[in-house]
Number of protein chains: 2
Amino acid sequence: MVRTDRPKSPLSFQEAKQNKVFEDVVEQIEEAILDGRLKTGDRLPAERELVKLFGTSRGTLREALRVLEQKGLIEIRLGVRGGAVVRPVTPEPVTESLALLIRHQRVSLEHLAEFREGLEANVAALAAQRATPADREALRQLVADARAELEQGPEHYKQFMRVDSLFHTEVGRIAGNPVYAWILATIHANIERFFDRKLPRTAPLLDENLQDLHEIAEAVAQGDAARARERAIRHVRRFCGIMAEEDPPASD
Amino acid sequence: MVRTDRPKSPLSFQEAKQNKVFEDVVEQIEEAILDGRLKTGDRLPAERELVKLFGTSRGTLREALRVLEQKGLIEIRLGVRGGAVVRPVTPEPVTESLALLIRHQRVSLEHLAEFREGLEANVAALAAQRATPADREALRQLVADARAELEQGPEHYKQFMRVDSLFHTEVGRIAGNPVYAWILATIHANIERFFDRKLPRTAPLLDENLQDLHEIAEAVAQGDAARARERAIRHVRRFCGIMAEEDPPASD
DNA sequence: TCATTTTAATGGTTCTACCTTTACGCGGCG
DNA sequence: CGCCGCGTAAAGGTAGAACCATTAAAATGA
């Protein structure tokens, strides 16, 4: 199956690069997934079947499956009834590759937080313009949930943070633009991944946090984009300032 | 080299998941790259050497290399003096995985453009706050370059678009936050990839475009963040509106 | 009926052999 | 002297077969 059949029609120039076999396999399966011929949850045939279908060796086929797995398109399960199943598409691969960039180039928390600040501001403003009555209710409910957690004392701080995270996700959803939602999720994930160690959780701090959420929710509910933007900025900036104190600036 | 040696010390619980061999190899090489033990341009030993070093089979090792290649960390060259060389880190993998998301979930141009609008606005505002005299000069020079291309007539429209692109990249650089620069580059790449087919390039349109660039440059040069933000939004919105006309909304 | 054991399907790994591509050097020819 | 071409060897690419490890499901037995 080694490609020696590169067409040579003298006048129709075409791709000079010869495709490697595994790339061809990757492309075919990827197309099938993106075109919807393979849907989320579908199970591909077993490796030994695919080998027959594509006419390659098993090693080559496995390289192709590994690439697809790395792209986040499939998941490979072990054991009987195992095999490659089509995964739901998530922003996770974006998060992963961004994490690589961040780690390799040693991006500072300041840069990440500044970016998040601008992002959250835009999202809050959009949400304010687009919130439906149901959205307003949902946001207020989340604030109430957060307050309830906080009132249960320090042992519920973790739950409080979870609600906080939900709140941001919800605002992203209300903004109605999946691109914002994805990138926001990606940035959140990376901030947590690299900088979330031991950020302080004291009562007054969390109270301020709750107050921020409340004000953002109200601004969104009233359709006041400018105020929503401003409150979101204040919220992120406070959060970042606190973490920066805890985390002395790396001096490299 | 199949893992049967899972430690079972009864009291020191540890990772339950057994690592696959190739994952172990990926991790080791990835760490070496991120820690700087392997630098950009370095060439890894030949496959058959690595096989000895890691004590695995060649197939397994090749799966690991494929994953690293997919992550954008290495490039695999053919022939003698070939092999795996460490690649410079670029935002390209982020672009790729985002492209997958966009294509799979059929994100509309409107969503992408709206996101870009907010992004460019923030970047322009930051750039206005941070531009040095040299930055100002560079921006003005780019505007002058763009004008020069435009004056040379329709056959230079392509060059004009290139300068336009450079202008946006430069504003991103001036903003001084690599995260903004990366995401902006990623969004640009994806807009081009999916929607840049036959966008009209008529003289009056490009004139407006040039005027936009000029006004953004001036706002940035004068440190007027609010105006820079506003001009950037107008610029992107015009651009998007034009493309939307050309590109009737997909009705699926 | 439920717990336990067995079995078979399926991915994970190894080994070996051979093909393909490509840099580099050597030798002949102008 | 130079350079063109061709051979050679190093390195990745592919194939195929054998065996190991994991797991769901079927068979078995209490």
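Values reported hereafter were calculated over all heavy atoms of this structure, with side chains retained and with hydrogens, waters and symmetry mates removed. Naming convention: chains lettered A, B, ... in sequence-line order (proteins, then strands); numbering from 1 in each chain.
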*asked:* So if I take every side-chain heavy atom of B:Ala46 and compare against C:dT22, C:dA8, D:dA11, which nucleotide ends up nearest?
replied: D:dA11
*Which nucleotide in the set C:dG11, D:dA25, D:dT14 lies at the smallest distance from any side-chain heavy atom of A:Arg81?*
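When the side chain of A:Arg81 is considered, D:dA25 is the closest of C:dG11, D:dA25, D:dT14.
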*Mind checking B:Gly83 for me? I need base, sugar-phosphate or nothing, with any heavy atom below 4.0 Å counting as a touch.*
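Counting heavy atoms under 4.0 Å across all strands, the contact made by B:Gly83 is with sugar-phosphate only.
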_Once you apply a heavy-atom cut-off of 4.0 Å, does B:Arg77 come out as touching a base, just sugar-phosphate, or nothing?_
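Sugar-phosphate contact only - B:Arg77 comes under 4.0 Å of backbone atoms but never of a base.
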With no hydrogens and no angle check, is any side-chain donor or acceptor of [X] less than 3.5 Å from a backbone partner on [Y]?
| X | Y | answer |
| --- | --- | --- |
| B:Ser97 | B:Pro93 | yes |
| B:Asn177 | B:Val179 | yes |
| A:Asn122 | B:Gly118 | yes |
| B:Thr60 | B:Thr56 | no |

Atom [atom1] of [X] and atom [atom2] of [N]: how far apart are they, to the nearest Å?
| X | N | atom1 | atom2 | answer |
| --- | --- | --- | --- | --- |
| A:Arg43 | C:dG11 | CZ | C1' | 11 Å |
| B:Phe22 | C:dG12 | CZ | C1' | 9 Å |
| A:Arg48 | D:dG16 | CZ | C1' | 12 Å |
| B:Leu44 | D:dA10 | CG | C1' | 17 Å |
| A:Ile76 | D:dT22 | CD1 | C1' | 15 Å |
| A:Arg58 | C:dA9 | CZ | C1' | 12 Å |
| B:Asn19 | D:dA21 | CG | P | 16 Å |
| A:Glu49 | C:dA9 | CD | P | 11 Å |

_A:Ser57 side chain near D:dA15 phosphate (N/O to OP1/OP2, under 4.0 Å)_ =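 Yes, because at least one side-chain N or O of A:Ser57 sits under 4.0 Å from OP1 or OP2 of D:dA15.
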*asked:* Using a 4.0 Å cut-off on heavy atoms, which residues in residues 60-75 of chain A reach DNA chain D? List them by number, or say none.
replied: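 Going residue by residue through residues 60-75 of chain A, the ones with a heavy atom under 4.0 Å of DNA chain D turn out to be A:Thr60.
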*Should the heavy atoms of other residues, nucleotides or ligands under 6.0 Å from CZ of B:Arg77 be counted, would the total exceed 12?*
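Check fails, neighbour count at 12 or below.
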*With DNA chain D as reference, determine whether B:Gly79 or A:Gly79 sits nearer its 5' end, using the nearest nucleotide of each.*
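Result of the comparison: B:Gly79.
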*Thinking salt bridges, do A:Arg103 and B:Glu30 make one under a 4.0 Å N-O criterion?*
no
*Between A:Arg87 and A:Glu75, is the closest basic N to carboxylate O distance under 4.0 Å?*
no
